[in-house]
Amino acid sequence: METRVAVIAVIVRQGGAVAALNDLLHQYAEYIIGRMGVPYPARGVNVISVAVDAPADVISALSGKLGRLPGVTAKTVYAPEAALD
């Protein structure tokens with residue numbers, strides 16, 4: 001199965017979404033290369049980047065599920081396929 005490398009950028013505006021977000025990331029742990037979270041209390045948000053190596057449909061599913069959590073925005077950036085050769 002062909003995989004893609006991508007980064008899912010996540011902005012969390014509501015602290016109540018953190019448990020559900022962490023649960024989703026745990027469900028997709030086999031595809032996660034790494035993650036970095038940065039709290040930004042001055043603006044009341046947390047910024048999380050999740051690096052993944054997974055089939056495109058798995059990446060899309062995870063990003064969509066994250067983005068449907070209340071108070072969460074998620075966008076995905078894919079690495080160019082040529083850069084992986």
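Values below: every heavy atom of this structure, side chains too, minus hydrogens, waters and symmetry copies. For the single chain, residues carry numbers from 1 onward in sequence order.
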Problem set entry | Side chains of Val47 and Ile11 in contact at under 4.5 Å (non-hydrogen atoms) | yes

Problem set entry | Within-4.5 Å side-chain heavy-atom neighbours: Ile48 and Leu21 | yes

Please find the pair of heavy atoms, one from [X] and one from [Y], that lie closest to each other, and give the distance.
X	Y	answer
Ile8	Ile59	CD1-O, 4.3 Å
Ala74	Gly67	CB-N, 3.9 Å
Leu62	Tyr28	CD1-CD1, 3.6 Å
Thr76	Ala6	CG2-CB, 3.9 Å
Ala17	Leu69	O-CD1, 4.4 Å
Ala56	Tyr78	O-OH, 3.8 Å

[X] [atom1] to [Y] [atom2] distance, which is reported to the nearest 0.5 Å:
X	Y	atom1	atom2	value
Asp57	Arg4	CG	CZ	12.0 Å
Asn46	Tyr40	CG	OH	12.5 Å
Leu66	Thr73	CG	OG1	11.0 Å

Exercise. Quick one: does Arg13's side chain have a donor or acceptor within less than 3.5 Å of a partner on Gly44's backbone?
Worked result: no

Exercise. Pick from Leu25, Val7, Val52: which one makes a side chain to side chain contact (heavy atoms under 4.5 Å, CB included) with Arg35?
Worked result: Leu25

For this session: Verify the cluster assignment for Val18 and Val10: are they in a single hydrophobic cluster under the rule of side-chain heavy atoms below 4.5 Å apart?
Result: yes

Exercise. Are Leu24 and Ile32 connected, step by step, through hydrophobic side chains (Ile, Leu, Val, Met, Phe, Trp, Tyr) whose heavy atoms are closer than 4.5 Å?
Worked result: yes

